[in-house]
Protein chains: 2
Amino acid sequence: MSQRIPTSTAPTLEAVAARAGVSRATVSRVVNNSPKVTDEVVALVNAAIDELGYVPNRAARSLASRRTQAIALILPESAAKVFDDPFFSNIVQGIALHLADTEYTLSLLIASETASDKTRRYLRGGNVDGALVVSHHSGDHSYTRLGASIPLVFGGRPLNPSETDSYFVDADNVEGGRVATQHLIDAGRTSIAIISGPGDMPAGVDRLAGWRTALRGARLDDSLVEHGDFSPQSGAEAMRRLLARGVPIDGLFAANDQMAVGAYSALHEAGLSVPHDVSVVGFDNDKYAPTATPPLTTVNQSTERMGAKMAEVLIRLIDGDESVPRATRLPAELVVRASTSRRAE
Amino acid sequence: MSQRIPTSTAPTLEAVAARAGVSRATVSRVVNNSPKVTDEVVALVNAAIDELGYVPNRAARSLASRRTQAIALILPESAAKVFDDPFFSNIVQGIALHLADTEYTLSLLIASETASDKTRRYLRGGNVDGALVVSHHSGDHSYTRLGASIPLVFGGRPLNPSETDSYFVDADNVEGGRVATQHLIDAGRTSIAIISGPGDMPAGVDRLAGWRTALRGARLDDSLVEHGDFSPQSGAEAMRRLLARGVPIDGLFAANDQMAVGAYSALHEAGLSVPHDVSVVGFDNDKYAPTATPPLTTVNQSTERMGAKMAEVLIRLIDGDESVPRATRLPAELVVRASTSRRAE
DNA sequence: CTGAAAGCGCTAACAC
DNA sequence: GTGTTAGCGCTTTCAG
């Protein structure tokens with residue numbers, strides 16, 4: 001009554017073999033879709049499998065084949081805020097959904113920076129066939145070295161060019177920033193500021209680069225730059241600093257939606273209306289964007305698709321596919337909402 | 001160049017044994033903290049482990065010990081919205097953080113209702129030592145049967161009393177509902193309505209029961225009930241129906257924050273002010289609560305702690321702890337904000 | 001195309 | 001306390 005009896009009900013491959021009147025090797029072949037088995041035998045074995053409700057034991061399989069059929073997702077952020085951020089949520093979701101169609105299992109590792117040693121051991125211990133590393137910060141590319149012992153795919157490009165030999169998938173931040181800014185330009189805005197991200201985060205750097213490209217292309221001033229840390233508060237503060245410069249501003253590109261919304265309040269304080277006085281474009285198309293007042297024009301980077309793509313690339317890597325490019329960039333598309341409008345002539 | 005060479009660098013237990021001059025069994029004992037090993041030998045073995053950078057192979061260990069050191073988290077919701085909901089995000093986080101202190105690994109399973117057969121197979125295939133099942137809906141207790149073959153812990157109590165023999169951890173919704181309502185009563189409110197959840201969701205039912213208990217205790221009318229589906233829209237609609245009854249209402253308890261916020265707009269339409277005319281209490285203390293206008297008084301159910309508790313209970317179950325109670329209820333605490341005020345005399 | 005045999009790396013009785 | 005001996009359930013050469 002009190003012991004957990006080992007599930008004697010779990011049929012083994014051997015039982016299936018006996019039931020089907022073949023050898024264990026053959027059953028194994030069928031289970032693994034080996035092409036070299038007669039159709040008849042396949043049917044026979046499958047019947048036995050169904051009758052017995054056989055499910056292969058993953059540990060045994062993994063021990064014998066030296067593959068785990070599992071991949072790790074490492075979230076090195078300060079754990080406390082990991083899931084608050086829609087960015088992470090969506091990535092996880094994209095990964096999970098992609099994996100649902102495969103035989104792979106997802107192991108979630110929240111590696112607080114201090115525990116990253118434990119994490120390393122885990123990854124090197126043959127627990128997973130590969131790992132996905134996601135972070136907003138670039139420092140977390142400290143995992144890079146592990147790439148030698150196990151396939152690794154990063155979400156977001158590495159900041160450091162010397163680490164350019166790691167695999168990553170990233171939104172096309174440069175192009176996204178360019179398109180966002182061009183939209184402002186096309187609407188007749190001529191004094192366009194940016195609230196950029198921290199200088200050590202590739203996403204921020206790249207979006208800034210896109211903004212600059214667009215402005216230079218239109219021969220407009222590209223000196224209206226302030227930095228935030230992607231939080232709404234920092235967006236509001238950056239906006240105040242921009243306004244304090246005394247230069248009239250009629251367009252704003254914020255490197256993410258949260259800062260854009262923060263900027264809203266600073267603009268409001270200053271008696272400026274959005275989009276009339278200042279048109280605003282954000283980035284991310286997170287769930288606050290459509291419900292902001294006014295709804296925010298932004299760049300959609302489909303984080304979910306990014307997660308799926310990361311999983312896809314990793315699996316190809318695990319399968320030894322040599323043709324996978326180091327960098328995969330996902331297209332960024334503009335989503336126009338009410339925060340931008342043509343400038344009245 | 002093109003093959004993924006098996007990590008020949010991974011030292012085995014045998015190598016450690018040789019290095020330390022002991023048997024493999026002894027190394028195994030040390031690795032597993034067996035009490036019956038001399039301190040000297042332990043030191044010797046650990047030294048060898050460090051020098052070699054030995055990491056036990058999980059598959060082998062699991063095959064031999066018949067334990068996987070992994071647990072599954074099953075999210076049976078329509079996958080699309082799983083991570084949008086802070087409820088899930090926080091639970092996952094709580095689980096992940098708790099597990100970080102253990103030897104257990106978390107496998108994420110997003111089981112779309114249709115795929116639940118694949119999920120069952122997975123769970124029965126000896127892939128995990130136990131599983132956590134989280135859902136807003138009660139139908140998902142369809143996993144209950146699996147409880148016989150593998151330890152299972154549910155998030156949220158089962159709706160059906162016949163399933164009362166499964167393990168679950170839940171917020172104390174009844175008490176939470178009572179406290180929320182009592183707060184309104186204490187503030188001098190005498191006509192207190194509720195926007196409850198769907199009748200088939202335990203959380204809704206329990207919160208309603210708490211509301212009723214408080215009102216009856218104060219001998220107040222408990223007929224002002226309308227149901228919503230936990231969405232803001234449904235909250236607004238339910239509020240309109242309540243107002244349409246023609247009975248003056250000066251207090252409202254909404255079964256979750258999102259419906260409370262929905263009710264805000266309906267009250268606003270009707271020209272009623274919060275908290276002056278109608279004081280409002282929500283439930284969940286989700287992230288919209290503090291930023292609503294006015295900030296919402298609500299019941300905090302600490303979903304993150306719930307996740308952690310679920311993991312804790314499951315692990316105790318896996319360890320054969322017989323003393324774990326079937327039900328674990330987490331205290332719900334009132335968080336007072338500006339949406340409630342004393343009624344002017 | 002199928003079977004036989006040899007492990008994968010570790011744990012768990014059982015002896016000593 | 002420590003070593004010996006069997007496997008855990010599966011994959012994988014190697015024959016046939």
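Chain letters run A, B, ... following the sequence lines, proteins first, then strands; residues in each count from 1.
Residues B:E103 and B:Q69 bring no donor and acceptor atom of their side chains to less than 3.5 Å of each other. Between the side chains of A:S34 and A:N32, no donor N or O sits under 3.5 Å from an acceptor N or O.
Distance alone, capped at 3.5 Å, is enough to place a donor-acceptor pair between the A:S62 side chain and the A:R67 backbone. Judged by distance alone, the side chain of A:S65 and the main-chain N or O of A:R61 form a donor-acceptor pair under 3.5 Å.
Under the side chain to side chain contact (heavy atoms under 4.5 Å, CB included) rule, B:M306 has a single partner from B:V169, B:N90, B:I95, which is B:V169. Of the residues A:V37, A:L44, A:V42, A:T38, the one that meets the side chain to side chain contact (heavy atoms under 4.5 Å, CB included) test with A:E40 is A:T38.
Protein atom NZ of B:K36 is 13 Å distant from nucleotide atom C1' of C:dA15, rounded to whole Å.
Taking CG of B:N57 as the start and CZ of A:R66 as the end, the distance is 8.0 Å to the nearest 0.5 Å.
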Seminar exercise, completed: Once base and sugar-phosphate atoms are separated, protein heavy atoms under 4.0 Å mark nucleotides 8-16 of chain D, 5' to 3', with B, S and - as BBBBBB---

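Only A:V22, A:S23, listed by number, bring a heavy atom of residues 15-23 of chain A to less than 4.0 angstrom from any atom of DNA chain C.
A:R19 and A:D50 are not joined by a salt bridge, as no carboxylate oxygen comes within less than 4.0 angstrom of a charged side-chain nitrogen.
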